[in-house]
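Here is the structure we will look at, set down as structure tokens.
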Amino acid sequence: MNNLSGLARNQRSANRWGAIVVALTMIVAFGTANSAKAAPDLVIINGSVLTMEPNQPRAAAIAVEGGVITHVGSTRSVQAMIGPKTQVINAAGRMIVPGFIDSHMHPRAQFDELGPYGRLDLTPEAGVVTRADLYAKLRAKIAVTPPGRLIVGTRYQDDLIGGHPTAAELDAIAPNHPVILVHSSGHRRSVNSLALKAAGITDATPNPAGGAIERDATGKATGIILESVPGFQPLYDTLPQPNATDELEAFRREFRMFLSHGIVGIGDAGASPEKVEIYRTLLREGLPVRLYAMISSSSIDWLIANRTKPEWQVPGLTLNAVKLFHGNSLSGRTALLYEPYAHDSHYFGIPPRLRQEEITALVRRVHDAGLQAAIHSNGDREIDMTLDAIEAALKANPRADHRHRIEHGSVAPLPILKRMRSLEVGLAPHSYILNHGEKLKDFGAARWDHIEPNRSALELGIPVGGNSDHSVSPPIVMQRIESLVTRRARSNGQVYGPSQRISVEQALQTYTLGSATLQFEEDTHGSIKVGKKGDIVILSADPRQIDPEQLETIKVDYTIIEGKVAYRRAHGGLQEQFGWFGRSAP
Ligand SMILES: [Zn+2]
């Protein structure tokens, strides 16, 4: 008995014991009925494996059986296991890493932008790098949209197109359609006069709590709306709605795109019950991507009432966290700061919508329900208020391993990070200097070395999760890695805060084991280790052997989930392929 319990303890604590347990299980399962050893379902050989495991950081080959990694070692040792039904992938020297987990993003239905449900994509990836590009797209949409119907554009980048479009400019192009163009931050909108009118906003409308209506020197509303200004929802409600079939297909398109970037799991930072229902449908039909749904705080009652019900026990879906907002935007330059912004000595950002006692009560409610609080906060002043709320909850109701997390935590000098560390709070920082670096100008150079503080956070031992905040920045993982490593803005070539650069290995670590830790999944996911799920990515080149500014050129050749090929890039005579299969229980 003593021996057995001692063995059990060792099994939990050491890698090699994990291997032995798996081997023993196989003997039990196959030993009597079938003397032949079970062969793996999949082996990958001749690779350069970065495991993210300190005890065995490198390997050449992996075996996966029943969705679980059963062996990590040399090609010779794995080759000996190959059976008649084993799928063999020869990595031919390519780099193999754990599957990527994007710990904070916002999946959306991908519709044709000129179709009836489509919104204009105003990102540089979609070809908008000048004001003329933006207006050409707007004109094209006007040409196919009935007069009077709302036109929505998303993710324009003010620094590329020469500032935020004004109502007067938009009126000249769109006199007969209400227009709402959402900034890349998601925290500012440029709207025309018809949209202002429909929202009931006049020059005399006072600024609501948590938002602002920009005015010119004469007091006239410019059409630029900061943060939450109510009144626009009825306008959105007039848009035609896609049927359920079309919407599901648009989400499938989105998830296939994620798979093509090596993404095996995502954290949806603000899912509604309706969206989670879509996820459940997709998972039941075989979506292989795992979904960690952080439910919007407005639906906390739904979460508490439903999370333990049988109909919500769906393999691949985790309902454990609440997404809260306390604060505003970095790239939108609305985050609340202790000291003024560099471009305006009277501007500190926009105060959060909730007062301290309100956010404290909300965090307490999440905490007491045994849930994880994932709280959006960007400015130093906002983050401190959020940490005050977490501290109060922990004091009133101490709870081990709560893993509450700060989403973004963008302007975070060392004292704030140390506070996070002592409260055992995780961090999902932005990784978008490559796309939005120029927007940091208004924060002043003195702040750059503690914006997106990836390096300091890792050095302090804070769990850091890699993420895109898609569609704030693209979910192209290798582009995110490039940004974390270089911190160089593509628009102007400038490096912002070089002291916060991290290495390729560290960046990969945040996107694998780091994200898994934020999602309580580090025992089953996030590294290549015997006993963990067989979630594996094969890259076209070694990211450590390439000019860091070329990291984005590295492609994902294979995305493997639980030992099955979920995506294969067209390469070396192979066709592109997507796998859609059910997941096993965690
Ligand atoms: Zn977000």
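Both ligands and their constituent atoms are indexed starting at 1 by order of listing. Bear in mind that the values here come from a model prediction, so they are computed numbers and not experimental data.
- Interatomic distance, CD of Gln509 versus CG of Leu484, reported as 12.5 Å (0.5 Å rounding).
- Aromatic ring centres of His470 and His261: separated by at least 6.0 Å.
- Each of Thr386, Leu324, Leu387 was scored for a side chain to side chain contact (heavy atoms under 4.5 Å, CB included) with Ser377, with one residue passing: Thr386.
- With 3.5 Å as the limit, one finds a donor-acceptor pair spanning the side chains of Arg290 and His525.
- Under the 3.5 Å distance criterion, with hydrogens and angles disregarded, no donor-acceptor pair is assigned to the side chains of Asn378 and Glu382.
- Aromatic rings from Phe443 and Tyr341 are positioned such that their centres are separated by under 6.0 Å.
- The number of protein N/O/S atoms found under 2.8 Å from the Zn ion (ligand 1) is 3.
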